[in-house]
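Order of the sequence lines fixes the chain letters, A, B, ..., with proteins taken first and strands second; residue numbering starts at 1 for each chain.
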2 protein chains.
Amino acid sequence: MATTTAAQDRATSKMAYDAFLAACPSHQLLDRVSGKWVTLILAGLGSGPDCAGEPRAMRYSELARLVAGVSQKMLTQTLRSLERDGLVSRTVTPTVPVTVTYELTELGLSLHRTMRALKQWAETHMDDVFASRAAHDTSA
Amino acid sequence: MATTTAAQDRATSKMAYDAFLAACPSHQLLDRVSGKWVTLILAGLGSGPDCAGEPRAMRYSELARLVAGVSQKMLTQTLRSLERDGLVSRTVTPTVPVTVTYELTELGLSLHRTMRALKQWAETHMDDVFASRAAHDTSA
DNA sequence: CAGTATCCAGCTAGATACTG
DNA sequence: CAGTATCTAGCTGGATACTG
């Protein structure tokens, strides 16, 4: 008879798969990007306050106003993690009171450009998704 | 004096922003795609069992094996929502026992192609992110 | 101005058991 | 084979209060 049970086999392949996921760059990027606020802050820094302009540095309070729904906690937390990942640079100017500005790095800028492809898909095809969703719901 | 308090102003702009988010196609796409399993299932159906082949239909159990870490609950739930959104089609063949296959629709295929741009970025730049992360952590 | 700290509600997803 | 149902732990993120 077998020396491993079906349950053990499943556990083993799950562990292997978890390891695979932990190493998969695409999956890690998705984890990185799929926070509630990352893309909004990225878009803010990448497209300016009007969401259609040029990338530029913005102050903490300016970002807080632009991304109006964000809590202080999440804004700080998200900016810190983006800075840690080299996507955003933080500059402190020792005025009184202090001035802090955030700006996309080259890396952050290149990610922002890539995200625009997603944005493009969303703007072209999300209507189809909604239509399908509506059709599916009414026929149910 | 003002007829609204600062707290009221904040609540108002938050509500407006929430409404804006609810209508933003990009944000909705992100919500859609950022589940833990959506991209994995999309990639499975889009790139075959070896993750490098051609799109093809796959059976429920085949997907369950490919995406080894997924629970039955999440696999079913994710497939159902993808089907609802018109990204995946579900075909039941009344053999005994029943055979069910899932396949990307045209829409799902186009999304899958777009996701590959993200994958591309991840494979080219995630090393930079990790390097930055490591540098940031050691200097702390 | 630009944060930090704490507490807590809600949702996501995993484990487990059962079925046409 | 291809699901459904239930119960629950853990994590994300919001509210609130305080600070250099």
Can you confirm whether A/Glu123 is buried at CD, in the sense that more than 12 heavy atoms of other residues, nucleotides or ligands lie under 6.0 Å from that atom?
yes
Given side-chain hydrogen bond (donor to acceptor under 3.5 Å, both in side chains), test A/Thr76 with A/Tyr60 step by step and report yes or no.
CA-CA 9 Å; A/Thr76 301; A/Tyr60 181 91; 3.0 Å; yes
Go along nucleotides 13-20 of chain D 5' to 3' and tag each nucleotide: B for a protein heavy atom under 4.0 Å from its base, S when only backbone or sugar atoms are that close, - otherwise.
BBB-B---
Rounded off to whole Å, could you give me the [atom1]-to-[atom2] distance for the [X] and [N] pair?
X: A/Asp31; N: D/dC11; atom1: CG; atom2: C1'; value: 13 Å
X: B/Leu79; N: D/dC1; atom1: CG; atom2: P; value: 16 Å
X: B/Glu62; N: D/dG3; atom1: CD; atom2: C1'; value: 17 Å
X: A/Leu75; N: C/dG3; atom1: CG; atom2: P; value: 8 Å
X: B/Tyr102; N: D/dA2; atom1: OH; atom2: P; value: 8 Å

Residue pairs meeting ring-ring contact (aromatic ring centres under 6.0 Å, His included), one or both in residues 97-122 of chain B, sequence neighbours left out, come to B/Trp121-B/His125
Ion pair check, B/Asp137 and B/Arg133, cut-off under 4.0 Å
no
Is [X] close enough to [N] that one of its side-chain N or O atoms is under 4.0 Å from OP1 or OP2 there?
X: A/Thr76; N: C/dG3; value: no
X: A/Arg80; N: C/dG3; value: yes
X: A/Tyr60; N: C/dT4; value: no
X: B/Thr99; N: D/dC1; value: no
X: B/Arg59; N: D/dG3; value: no

Closest non-hydrogen atoms of A/Gly86 and A/Thr105, given as atom of the first, atom of the second and distance, are O-OG1, 2.7 Å
In Watson-Crick or G-U wobble terms, with both distances under 3.5 Å, the base opposite D/dA2 is C/dT19
B/Thr101 versus B/Arg90, side-chain donor and acceptor atoms under 3.5 Å:
no
